[in-house]
Amino acid sequence: MKTTYIEPILDWYHANARDLPWRAPGATPWGVLVSEIMLQQTPVSRVLPVWHAWMARWPTPAALAAEPSGEAVRAWGRLGYPRRALRLHESARAITERHGGEVPSSHEDLLALPGIGAYTAAAVASFAFRRRHAVLDTNVRRVLARLLTGVEYPPKAQTKAEVALAESLLPPDPPTAARWAVAVMELGALVCTARSPRCVDCPVLDQCAWHLNGRPAYDGPPRRGQTYAGTDRQCRGRILAVLREAEGPVEKPALDVVWADPVQRERALDTLVADGLVDPLQDGRYALPS
DNA sequence: TACGCGTGGGT
DNA sequence: TACCCAAGCGT
């Protein structure tokens, strides 16, 4: 069976791709890597301004590696999941020390860096170095679930079958495989969205198994709903926000005022310290890590 | 394998 | 209004 959806999706991408700075001709592998870390679980619109500021301040891994980790946490701003900033800083130091300051191009070397898993390693190898990898993120998983499997959503946890399917679809030629990877991801981000998909704009609607099935509703276990209010995560976020916005070290009472429950507050502070996001100074004050 | 980990915009 | 969810990773 000859596949007829590769070409339409490549053509659709050529005509509809967003003009994102990490896709610009002058974008460096470092810029691609920074974007991928920031985009983990965070929308493009919120990443854009932080990415620009970050790249202006730290245009190379060595530039970031020369700074204290706390500066990375501060510059991370309100992107969320600030441990990513810490790991990106660690990666910058590893790249500077182990790779001569150049972002490695192989999936294996990328995977060895902190904060880089299977998806991000494949994405950087593909987007920055035009290597041939299955780039399987939440967008691509959803597109393949609909187009080929005929269901509205993929399973909660990624399966080996999904990986095998994605790899089987890769065009043999690496540059074309790289174009395919970014194109199918973009289709998921702009058209084949989680809610209210824009099927009228889909270049492969006539081949979509889910559409041909009559777009049956998702039939499976409830998809996780994450509560946030009142959690340790919210408490950690408030504590760290105080430190980000402070010029220097702060007294303990300045942290205490952000959360009423002292037990939860102390627990959150302890885990922030354990994570390396907060530095307890000898004089009793607290600061972003140096 | 399932869970913890931030934040804010869309529906 | 309350969810839902957004280019995941590490444990």
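Only heavy atoms go into these numbers, but all of them, side chains included; no hydrogens, no water, no symmetry mates. Residue numbers start from 1 in every chain, and the chains themselves are labelled A, B, ... in the order their sequence lines are given, proteins ahead of strands. All values derive from a computational prediction rather than experimental measurement.
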Please list residues of [range] whose heavy atoms come under 4.0 Å from any atom in DNA chain C, ordered by number; otherwise none.
range	result
residues 237-246 of chain A	none
residues 7-22 of chain A	A/Arg18, A/Leu20, A/Trp22
residues 172-183 of chain A	none
residues 252-267 of chain A	none
residues 143-150 of chain A	none

Please list every donor-acceptor pair under 3.5 Å in which a side-chain atom of residues 109-126 of chain A meets a protein atom from a residue at least two apart or in another chain.
from	atom 1	to	atom 2	distance (Å)
A/Asp109	OD2	A/Ser106	OG	3.4
A/Tyr119	OH	A/Glu36	OE1	2.8
A/Thr120	OG1	A/Gln40	NE2	3.0

Less than 3.5 Å apart, which donor and acceptor atoms pair up between the side chains of residues 245-257 of chain A and the rest of the protein, not counting sequence neighbours?
from	atom 1	to	atom 2	distance (Å)
A/Lys252	NZ	A/Asp256	OD1	3.1
A/Lys252	NZ	A/Glu266	OE2	2.8
A/Asp256	OD1	A/Arg265	NH1	3.4

Practice item. Please answer whether the main-chain N or O of A/Val258 pairs with a side-chain N or O of A/Arg238 as donor and acceptor at a distance below 3.5 Å. Key: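 Such a contact is found between A/Arg238 side chain and A/Val258 backbone.
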N/O-N/O pairs, protein side and nucleotides 9-11 of chain C side, under 3.5 Å:
from	atom 1	to	atom 2	distance (Å)
C/dC9	OP1	A/Gly117	N	2.8
C/dC9	OP1	A/Gly117	O	3.4
C/dC9	OP1	A/Thr120	N	3.1
C/dC9	OP1	A/Thr120	OG1	2.8
C/dG10	OP1	A/Gly115	N	2.6

Of the listed C/dG8, C/dC5, C/dA7, the closest approach to the A/Glu36 side chain comes from C/dA7
Considering only heavy side-chain atoms of A/Asp137, the closest of C/dG8, B/dG6, C/dC5 is C/dG8
Taken in chain and number order and not counting sequence neighbours, the residues that satisfy salt bridge (Lys or Arg N to Asp or Glu O under 4.0 Å) with A/Arg84 are none
Close approaches to DNA chain B from residues 122-131 of chain A, in residue order (heavy atom, under 4.0 Å) |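 The answer is none.
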For A/Trp210, the other hydrophobic cluster members (4.5 Å side-chain criterion, sorted by chain and number) are none
**Message:** What is the separation between atom CG on A/Leu187 and atom C1' on C/dA7, rounded to the nearest whole Å?
**Reply:**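 From A/Leu187 CG to C/dA7 C1': 14 Å.
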Contacts of A/Ser105 that satisfy side-chain contact (heavy atoms from CB on, under 4.5 Å) - sequence neighbours left out: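 A/Ser105 satisfies side-chain contact (heavy atoms from CB on, under 4.5 Å) with A/Phe129, A/Arg131 once adjacent residues are dropped.
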